[in-house]
Amino acid sequence: MFALVDCNNFYVSCERVFEPKLKYSPVVVLSNNDGCIIARSNEAKALGIKMGEPAFKIKHIIEKNNITVFSTNFALYGDFSNRVMNILTSLVSNIEVYSIDEAFLDCSIWKEKYFHKQAMYLCKIIKKRTGIPVSIGISTTKTLAKVANHIAKQSSQLGGVYILNDHIMIEKMLKQFPVEKVWGIGRKSRILLNYYGIRTALQLRNMDRKWVKKHLTIKGLQIVQELNGEPCFAIESIINPKKEICTSRSFGVMVTDLQSLKESVSMYATRCAEKLRKQKSCAGSVKVFIHSNYFRQDLPQYNNCCTMVFPVKTNDTAEIIHYALKGLKKIYRPNYQYKKAGVIISNFVHQNMVQYSLFDNINREKSKKIMYSIDKINAAMGRDYIRYGIQGFNRSWKLHQERLSPCYTSRWSDLLRVTTS
DNA sequence: TCTGGGGTCCTAGGACCC
DNA sequence: TCTGGGGTCCTAGGACCC
């Protein structure tokens with residue numbers, strides 16, 4: 001049996017912990033650059049605000065309904081996520097942290113008659129210790145646990161928990177469940193399935209498996225099997241190292257000059273290198289990309305990318321910046337208004353498994369020591385306390401964050417003060 | 001005026017081998 | 001006139017997730 005624990009409207013719930021007066025009022029959280037809606041409270045959903053909608057397009061709805069708007073505050077959400085996951089880890093032996101706000105639990109060791117009680121207890125304790133409301137769905141496969149979780153969220157009478165383990169109930173629920181809400185069925189698959197008259201999860205479950213494999217690949221077949229109660233996906237409790245790391249941002253303003261692009265690309269390369277060292281890997285190549293604003297079809301468009309291969313796999317910030325900038329120089333064209341740039345590193349090996357080169361003239365031992373020192377100093381003093389000059393100090397291109405809440409739980413100066421009179 | 005960011009997996013097709 | 005067969009590896013791009 002699998003349980004899926006999912007935090008309700010997670011980012012909004014994090015903001016509400018420190019603004020309890022917003023508990024019953026509409027709240028949304030925006031993406032980076034204050035661009036799109038990425039989280040909505042139930043009240044905001046009820047007002048018809050869609051996920052991913054550009055904020056400027058619904059400005060009138062926001063103003064009319066007095067909706068509270070927050071810029072994204074990942075320091076806060078990341079910290080709350082850790083708190084929730086730590087509670088689950090302390091209470092359940094086999095857990096897979098699936099995303100920032102979701103975890104799968106192996107609950108096969110629970111006695112079936114206690115499923116409901118155990119799940120209710122988890123909801124209660126997480127709410128009590130963090131202030132975050134969660135929903136739990138339980139079933140025989142991960143895909144069905146996802147369905148159960150959706151059901152748990154839909155009805156407030158369920159108290160946040162729904163167990164789907166009876167054949168008749170499974171059939172009944174899948175019949176009401178739109179096929180596009182099934183885990184792994186996205187936009188394209190929905191269009192295809194709808195074309196063939198398949199609209200519910202039950203119809204998908206009963207499809208001919210050869211047909212599914214042909215049209216929806218092995219992934220689709222696994223979904224069908226999981227809907228039939230045949231587990232294809234296990235709990236993956238070991239955190240695998242990442243296979244690629246990407247840092248990219250849209251600019252707050254349009255950027256034309258090479259210097260600003262250099263600064264931003266260097267900064268993204270620095271972030272990538274930090275994450276890379278954290279997982280003790282070295283990368284084999286770096287890809288840099290830039291593009292103009294494709295929403296502005298009135299302006300000339302340009303987008304391009306370039307991959308540079310390192311002579312020896314590395315996690316040295318300076319070296320990664322060097323090759324990223326080399327790539328940038330190759331693809332940069334003047335007279336375009338750039339909206340976004342990014343850096344992706346890939347082809348990782350463990351840092352102790354790097355194949356050196358006879359013709360390498362970089363002192364790798366020295367570089368390792370420098371990186372170690374920089375990471376240590378920045379961890380103690382704050383990000384970019386030590387930085388490369390090319391990253392710049394001006395950052396005219398940086399993103400908009402006009403409605404950022406304080407980092408209540410991760411910055412000393414932002415701690416709440418309580419006074420008594 | 002204004003439109004996010006970071007991942008994984010799968011497949012088709014090209015390049016190459018004998 | 002007539003142009004094979006079987007395999008591996010790599011990569012770009014698509015689809016999907018949160």
Side-chain angles (χ1 to χ4, degrees), chain A residues 4-11 28-39 50-60 62 69-74 77-78 81 96-104 142-143 146 149 179-193 213-223 232-233 236 239-254 264 268 271-272 275-276 279 284-285 287 289 291-299 303 305-307 309 337 339-348 399-403:
Chain A
L4 174 66
V5 182
D6 190 321
C7 302
N8 301 345
N9 311 330
F10 182 53
Y11 298 169
V28 295
V29 176
L30 304 179
S31 63
N32 261 331
N33 235 351
D34 292 347
C36 301
I37 308 288
I38 56 165
K50 298 268 180 307
M51 187 71 172
E53 198 149 23
F56 75 90
K57 281 191 180 172
I58 54 159
K59 213 174 162 187
H60 59 286
I62 290 173
V69 179
F70 288 99
S71 299
T72 190
N73 183 345
F74 276 110
Y77 314 148
S81 176
E96 172 186 345
V97 177
Y98 176 67
S99 74
I100 193 164
D101 71 333
E102 277 172 83
F104 285 105
K142 281 181 163 181
T143 305
K146 276 265 186 188
N149 193 286
V179 74
E180 65 269 21
K181 282 195 178 172
V182 174
W183 190 39
I185 300 297
R187 213 185 107 250
K188 289 278 180 175
S189 303
R190 188 205 72 207
I191 292 169
L192 179 91
L193 290 168
K213 170 117 194 261
K214 189 179 164 203
H215 288 90
L216 299 176
T217 78
I218 186 80
K219 283 284 183 188
L221 181 60
Q222 288 169 330
I223 293 168
C232 297
F233 311 120
E236 290 176 26
I239 300 167
N240 292 315
K242 302 233 179 300
K243 294 171 183 170
E244 61 175 41
I245 292 171
C246 169
T247 305
S248 72
R249 295 283 181 280
S250 296
F251 304 127
V253 291
M254 301 277 222
S264 64
Y268 307 152
R271 290 289 96 80
C272 286
K275 293 180 206 166
L276 185 63
Q279 68 165 30
S285 60
K287 177 169 163 178
F289 64 87
H291 63 71
S292 52
N293 186 350
Y294 36 63
F295 291 107
R296 293 287 303 274
Q297 288 302 325
D298 53 320
L299 296 175
N303 61 75
C305 65
C306 174
T307 302
V309 177
Q337 303 207 38
K339 180 62 182 168
K340 186 171 180 175
V343 171
I344 305 170
I345 48 176
S346 51
N347 296 321
F348 299 164
L399 37 86
H400 292 299
Q401 283 189 308
E402 286 176 8
R403 296 161 180 273

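Residue numbers begin at 1 in each chain, while the letters A, B, ... track the order of the sequences.
The phosphate of B:dC9 (OP1 or OP2) has no side-chain N or O of A:Thr217 nearer than 4.0 angstrom. Taking 4.0 angstrom as the limit, A:Asn33 places none of its side-chain polar atoms (N or O) nearer than this to OP1 or OP2 of B:dC2. Contact annotation: A:Lys340 reaches the phosphate of B:dG5 (side-chain N/O to OP1 or OP2, under 4.0 Å). The phosphate of B:dG6 (OP1 or OP2) has a side-chain N or O of A:Ser248 nearer than 4.0 angstrom. One finds no side-chain N or O of A:Lys287 lying less than 4.0 angstrom from the OP1 or OP2 phosphate oxygen of C:dA12. Put simply, A:Thr72 has no side-chain N or O that comes within less than 4.0 Å of OP1 or OP2 on B:dG5. Note on A:Lys188: every side-chain N or O is 4.0 Å or more away from OP1 and OP2 of C:dG13. Checking the phosphate oxygens (OP1, OP2) of B:dT3, a side-chain nitrogen or oxygen of A:Lys339 falls inside 4.0 Å. The phosphate of C:dG14 (OP1 or OP2) has no side-chain N or O of A:Arg187 nearer than 4.0 angstrom. Close to B:dG6, at under 4.0 Å from its OP1 or OP2, lies no side-chain N or O of A:Arg271.
In this structure, A:Leu30 and A:Val69 have side chains that are in contact, with non-hydrogen atoms separated by less than 4.5 Å. Taking the side chain as every heavy atom from C-beta outward, A:Ser292 and A:Gln337 never approach each other to under 4.5 Å.
Rounded to whole angstrom, the span from the CG atom of A:Asn32 across to the P atom of B:dG7 amounts to 13 Å. Whole-Å rounding puts the A:Ile344 CD1 to B:dG7 C1' distance at 10 Å. For the pair A:Asp34 CG and B:dT3 C1', the computed distance is 12 Å after rounding to whole Å.
A donor atom on one side chain and an acceptor atom on the other are not found under 3.5 Å apart for A:Thr72 and A:Asn32.
Between A:Tyr98 and A:Phe104, the ring-plane angle classifies as perpendicular under the 30° and 60° cut-offs. Aromatic ring orientation, A:His291 versus A:Tyr294: parallel (interplanar angle below 30°, classes split at 30° and 60°).
Between B:dT3 and C:dC18, the two P atoms lie 25 Å apart (nearest whole Å).
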